[in-house]
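Protein chains get the first letters and strands the later ones, always in sequence-line order, with residue 1 at the start of each.
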Number of protein chains: 2
Amino acid sequence: MELTLKIRMNEKLFLRNPEETELGREIIRQSIILIHKSGLEAFTFKKLAKAIGTTEAGVYRYFENKHRLLVYIVSWYWSWLEYKISVHTNNMKDPEVRLKKIIQILGTPVKDDVDTKHVDERLLYEIVTWEGAKVYLTRHVSTDNKLRFFKPYKDLCARVAGVILECNPSYRYSRSLASTLVEMAHQQNFFMRNLPSLTDFGNSKDEGKMIVFLEHFVFASLSASEKKQSKKTP
Amino acid sequence: MELTLKIRMNEKLFLRNPEETELGREIIRQSIILIHKSGLEAFTFKKLAKAIGTTEAGVYRYFENKHRLLVYIVSWYWSWLEYKISVHTNNMKDPEVRLKKIIQILGTPVKDDVDTKHVDERLLYEIVTWEGAKVYLTRHVSTDNKLRFFKPYKDLCARVAGVILECNPSYRYSRSLASTLVEMAHQQNFFMRNLPSLTDFGNSKDEGKMIVFLEHFVFASLSASEKKQSKKTP
DNA sequence: AAATATTTAATAGTATTACTATCATTCATA
DNA sequence: TATGAATGATAGTAATACTATTAAATATTT
């Protein structure tokens, strides 16, 4: 039996749905390859068109500009990751075990995945660590936010925040801790590989250590909460 | 008495030292204003030249490209911030008090500063939250790192890591916790103002709450360390 | 099957960006 | 008075980010 995962994307992100045509799927597939290879700055629709054997105008029929295309790709990743997390944690009763699993999934660079035909999740993981923040670090965040471009990201963070709350219902920063965790999983990985002195994982390039760090600070926050709470409250 | 703070910048960042000429200082001053106003994407040397009444070529004589200029500005900020932290914490003996002060400085958007004439630190703070990450999120991180472009940022993180270690000499993730803290201070602020559902601070736009969160997770990590350490060690 | 409409592709063109090069001018210094 | 550094003015190029126009293919209607 062959299962194909299909993620329903925000319609505002594209002019024509790339999932629906062969050319559209090629645009996604090759974008991922090219952005991964040379980064967003060097990526242009002209190069993309050439790589897939169509014209610039052909690409513009699907996406208004390369930023939208990036948002599409990154959003797809967040949706896929949330799906992955739900699959791997659904049958776990203990919220702490679930949170640990989530941290492990967040912190482990994707190795391989057979869920989808035309999307390489391994490359996507790296694109998200390098370019992910650029999706919201623009002057049109608010507009994009109103168009619900960040919903997949927010959904993921909200899910993580939910599990955090299950672990400790009196914890007061579940959402901030969740977004911190999701960001850190990618950022510490980036630092470890590129600016290692900003981390304690050296050049080992071993995500294992990083995951221990993430677990450490998340669970420390959660358990400290109960004790320190009274102190901080006016 | 009038004091002027002068920060020694990495010479590789510029072609001609902007501190040394009137035009150079104008380039810095107006860059900050323009990048703050419309963001890095919309910022061009042509617009900058027009704003200060010179020509494009005039700007190019100082900076190779706008990315270098951004690195210059952001690095200046990190150096200035480290200086500010050192001034405000030098006389504090208790490392925990010092760390709290650091968190407070990191988390409070700069209001006003008279240290420098031609640099508006208030605008800089916002530029760093919006564009700061783009400084290292490029394909040439490693090259830039070898040119020591990130030294000011690393120095700041190292200083914070040092204080963290003073608070708890057996804590094993001082550097990762430091870079997490520095990043979060800006990021949670950005989220609070632009994607508030990712935080627990609502639209209050009150950094006070955020600072409490930062303090909470830093000190939770530090105090949990001693207890949990034995558990995690093989 | 012919006529018409609709979709899709290919070509060309424009405005802006990110530079580089050249040469003339100002202005201080030796 | 000669020298040289800093600036200014002008022009030019290659690439980028798009738009508009036209041509070809496909589907629909009569």
Side-chain angles (χ1 to χ4, degrees), chain A residues 11-31 34-35 37-73 131 134-135 137-140 143-144, chain B residues 9 11-31 34-35 37-73 118 131 134-135 137-140 143-144:
Chain A
E11 307 232 325
K12 295 270 168 63
L13 278 174
F14 48 76
L15 301 171
R16 190 189 303 306
N17 193 338
E19 290 287 342
E20 279 174 2
T21 68
E22 190 49 39
L23 179 60
R25 287 184 290 267
E26 266 302 290
I27 287 173
I28 301 303
R29 214 176 65 83
Q30 280 292 340
S31 299
L34 289 180
I35 295 176
K37 201 197 311 187
S38 326
L40 184 71
E41 273 65 43
F43 173 78
T44 70
F45 277 8
K46 194 163 207 166
K47 289 175 191 166
L48 172 62
K50 199 178 175 187
I52 60 187
T54 185
T55 58
E56 231 181 325
V59 179
Y60 275 105
R61 239 173 274 121
Y62 287 83
F63 288 98
E64 216 173 307
N65 53 51
K66 79 171 171 180
H67 188 258
R68 292 271 166 114
L69 176 51
L70 178 71
V71 177
Y72 183 96
I73 287 174
E131 325 287 355
K134 295 172 190 170
V135 164
L137 288 178
T138 47
R139 288 300 155 135
H140 45 269
T143 322
D144 287 2
Chain B
M9 300 295 294
E11 306 233 324
K12 295 271 168 61
L13 278 173
F14 47 76
L15 301 172
R16 192 193 300 308
N17 192 337
E19 290 286 342
E20 280 173 3
T21 67
E22 191 49 41
L23 178 60
R25 287 183 291 268
E26 267 301 291
I27 287 174
I28 301 303
R29 214 177 65 82
Q30 280 292 341
S31 300
L34 289 180
I35 295 176
K37 200 195 317 186
S38 328
L40 185 70
E41 274 63 45
F43 173 77
T44 71
F45 276 7
K46 195 163 206 164
K47 289 176 191 167
L48 172 62
K50 200 177 174 187
I52 60 186
T54 184
T55 58
E56 230 181 325
V59 180
Y60 275 105
R61 253 178 242 124
Y62 285 81
F63 289 97
E64 218 172 305
N65 53 53
K66 79 171 174 181
H67 187 258
R68 292 272 167 114
L69 176 53
L70 178 71
V71 177
Y72 182 97
I73 286 173
H118 63 287
E131 325 288 355
K134 295 172 190 169
V135 164
L137 288 178
T138 46
R139 288 300 152 138
H140 44 270
T143 321
D144 287 1

ask   = For every nucleotide of nucleotides 11-30 of chain C, 5' to 3': is a protein heavy atom under 4.0 Å from its base (B), only from its sugar-phosphate (S), or from neither (-)?
value = B-----SBBBB---------
request  = For B:Tyr62, answer base if it contacts any base atom (sugar-phosphate contacts may also be present), sugar-phosphate if it contacts only those atoms, and nothing otherwise; contact means non-hydrogen atoms under 4.0 Å.
outcome  = sugar-phosphate
Side chain to side chain donor-acceptor pair (under 3.5 Å) partners of A:Glu56, counting only residues at least two apart = none
inquiry  = Using side chain to side chain contact (heavy atoms under 4.5 Å, CB included), reason through A:Phe45 and A:Leu69 one step at a time and then give a plain yes or no.
reply    = CA-CA 10 Å; A:Phe45 277 8; A:Leu69 176 51; 3.7 Å; yes
query = With sequence neighbours left out, what residues match B:Lys134 under side chain to side chain donor-acceptor pair (under 3.5 Å)?
reply = B:Glu41, B:Glu131
key: Any residue meeting side chain to side chain donor-acceptor pair (under 3.5 Å) with B:Glu64, in chain and number order, not counting sequence neighbours   = B:Arg68
ask   = Rounded to the Å, how far apart are A:Lys50 NZ and D:dA15 C1'?
value = 13 Å
task = Identify, residue by residue, the members of residues 13-26 of chain B with a heavy atom below 4.0 Å from DNA chain C, and return them in order of residue number, or none.
result = none
key: Shortest non-hydrogen contact from B:Arg139 toward A:Ile35   = NH2-O, 3.5 Å
query = Heavy atoms, side chains only, cut-off 4.5 Å: are B:Thr54 and B:Gln30 in contact?
reply = no
Name the atoms and distances for all side-chain donor-acceptor pairs under 3.5 Å in residues 12-28 of chain A, with sequence neighbours left out.
{"residue": "A:Asn17", "atom": "OD1", "partner": "A:Glu19", "partner atom": "N", "Å": "2.9"}
{"residue": "A:Thr21", "atom": "OG1", "partner": "A:Gly24", "partner atom": "N", "Å": "2.9"}
{"residue": "A:Thr21", "atom": "OG1", "partner": "A:Tyr62", "partner atom": "OH", "Å": "2.6"}
{"residue": "A:Glu22", "atom": "OE1", "partner": "A:Arg25", "partner atom": "NH2", "Å": "3.2"}
{"residue": "A:Arg25", "atom": "NH1", "partner": "A:Glu19", "partner atom": "O", "Å": "2.6"}
{"residue": "A:Glu26", "atom": "OE2", "partner": "A:Arg29", "partner atom": "NE", "Å": "2.8"}

request  = Calculate, to the nearest 0.5 Å, the distance between atoms OG1 and CG belonging to A:Thr138 and B:Leu40 respectively.
outcome  = 11.5 Å
